[in-house]
Amino acid sequence: MMNNTYKIILSCLALSACKVEKIIHQNPQDKPVIALVADAETEPVTSFDDAADDPCVWVNPTDVSKSTIIGTNKKEGLEVYNLEGKRLYSYKIGRVNNVDIRNEFLLNGEKVSVVTASNRTNNSISILTVKPTGELEEVAAKTITSNLKEVYGLGMYKSPKTDKLYVFMVSKKGNVEQWELFESNAKIDAKLVREFSLGSQGEGIVADDVHAKVYIGEEDKALWKYDAEPDAENNRVKVISTKDLNMKDDFEGVTLYDSGNGKGYLILSSQGNNSYAIFDRITNQYLGSFSLKDGGAIDGTNDTDGIDATSVNFGSQYPKGFFIAQDGANTQNKDSLHQNFKLVDWQKISKSLNLD
Ligand code: CA
Ligand code: CA
Ligand code: CA
Ligand code: CA
Ligand code: CA
Ligand code: CA
């Protein structure tokens, strides 16, 4: 059994830049995986096989009931759904794998919501804004070409220190890039500001805009936490390993549920055992896991890639927001359909896992 000091030395030897690695000691107490039933599902994506991947939520600032879900169809582009799951728009912008969104970016003197996606068709970052109707519009000043061999995971970060907007991307080799977005002639341009390595294939990324951290899943190894500022050291904290209780590789989507005042939950798709693990946002202590089983009208999920969560009050159906997950095998009765995304009322999750 290696002690921590020895592990730190090893990581210094293995990587060009010496970095410190800490481990969160999780409570080993047995916590059962609680099976829940989804409340809604989106229409199937337009492509067959493994096509749906990663969702994010645009909260409509003038009418939350007209908010949208933006999902990747990694064979051809972005799809936009309403909260009932009906597809409103689709954009064949290329083989986009992951997608994320941030609000209040100043463009042309107006605050806009910015959507970015890792686009494997031309190995770039697609950059779009959301119109008041929920339609998307490409606004990249040029093709933002990555130095990664193949762009894969993506997550956005808005700095609480500078208000600058960033995009993190990770490749199948585990190399990470951090890009800064900036306005250029009423379009959005980007520049590479930081690079580091996870060690092996990563995908799921979520940044915490309050605590200035970024969580990145190394699919076969662990969920890591890094400092998110572009000038930060590449020291990292291991939140949980794929070998820990209730965890099974691959680690895929990762997201945050924002309870306000810097509190909330970190959620991870533990794809290998078809479950979602929940951690305290501040301490990163493991709180429990849930899965989505078949219900009367809506089937459960398995092999989930991307996930997202919102704490916005959407009215009686989702007063505390919802969790959304990609489903690897979407069915209806006995029929097999194209993949889709499932929505769950957050209250169902918080009650069954005794979250406050
Ligand atoms: Ca998949
Ligand atoms: Ca993956
Ligand atoms: Ca694996
Ligand atoms: Ca994926
Ligand atoms: Ca299913
Ligand atoms: Ca279904």
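In what follows, residues are counted from 1 in the order of the sequence shown.
Residues Val130 and Leu136 form a side-chain contact, since some pair of their non-hydrogen atoms from C-beta on lies under 4.5 Å apart. In this structure, Leu128 and Tyr91 have side chains that are not in contact, with every pair of non-hydrogen atoms separated by 4.5 Å or more.
Remark: Lys348 NZ is packed, more than 12 non-hydrogen atoms of other residues, nucleotides or ligands lying under 6.0 Å away. Within a 6.0 Å sphere centred on CZ of Phe48, other residues, nucleotides and ligands contribute 12 heavy atoms or fewer. Around the NZ atom of Lys66, the shell of radius 6.0 Å holds no more than 12 heavy atoms that belong to other residues, nucleotides or ligands.
The aromatic rings of Phe290 and Phe323 lie perpendicular to each other, with more than 60° between the two planes, well past the 30° mark.
Once rounded to the nearest 0.5 Å, the distance linking CD of Gln347 with NZ of Lys320 reads 7.0 Å. Separating the CG atom in Leu337 from the CG atom in Asp299 is a distance of 8.0 Å, to the nearest 0.5 Å. In this structure, the separation between CG on Asn97 and CG on Asn73 is 11.0 Å, given to the nearest 0.5 Å. Note that NZ of Lys263 and CZ of Arg281 are 11.0 Å apart. Values are rounded to the nearest 0.5 Å. Rounding to the nearest 0.5 Å places NZ of Lys173 at 5.0 Å from NZ of Lys149. In this structure, CG in Leu165 is found 7.5 Å from CD1 in Ile188, a value given to the nearest 0.5 Å.
Hydrophobic clustering of Ile, Leu, Val, Met, Phe, Trp and Tyr side chains at less than 4.5 Å, counting indirect connections, unites Trp58 with Leu88. In terms of hydrophobic clustering, with Ile, Leu, Val, Met, Phe, Trp and Tyr side chains grouped at heavy-atom distances under 4.5 Å, Val96 and Val115 are assigned to a common cluster. In the hydrophobic clustering of this structure, Leu192 groups with Met156; members are Ile, Leu, Val, Met, Phe, Trp, Tyr whose side-chain heavy atoms approach within less than 4.5 Å, directly or through other members. One hydrophobic cluster, built from ILVMFWY side chains closer than 4.5 Å, cannot hold both Ile267 and Leu256; they sit in different ones. Met247 and Val237 fall into different hydrophobic clusters, where Ile, Leu, Val, Met, Phe, Trp and Tyr residues are linked whenever their side-chain heavy atoms come under 4.5 Å apart, directly or through other members.
Salt-bridge formation is not detected for the pair Glu21/Lys238: no Lys NZ or Arg NE/NH1/NH2 atom is positioned less than 4.0 Å from an Asp or Glu carboxylate oxygen. With salt bridges taken as basic N to acidic carboxylate O contacts below 4.0 Å, one links Lys74 and Asp50. Between Asp327 and Lys342 there is a salt bridge, since a side-chain N of the basic residue sits under 4.0 Å from a carboxylate O of the acidic one.
For the residue pair Asn103 / Ser113, a side-chain donor-acceptor distance below 3.5 Å is found, with atom types taken as modelled. With no hydrogens or angles considered, no side-chain donor-acceptor pair links Asp244 and Tyr286 at under 3.5 Å. Donor-acceptor pairing under 3.5 Å is recorded for the side chains of Thr255 and Asp308.
Under a 3.5 Å cut-off, the side chain of Thr129 and the backbone N or O of Val112 do not form any donor-acceptor pair.
Using a 4.5 Å cut-off between side-chain heavy atoms of Ile, Leu, Val, Met, Phe, Trp and Tyr, Tyr318 falls into a hydrophobic cluster with Val45, Val57, Val59, Val64, Ile69, Tyr81, Leu83, Val312, Phe314, Phe322, Ile324, Phe341, Leu343.
No option in Arg236, Gln178, Glu233, Lys213 other than Arg236 meets the side chain to side chain donor-acceptor pair (under 3.5 Å) test with Tyr226.
Listed by first and then second residue, the ring pair (Phe, Tyr, Trp, His ring centres under 6.0 Å) pairs involving residues 235-258 are Tyr257-Trp346 (not counting sequence neighbours).
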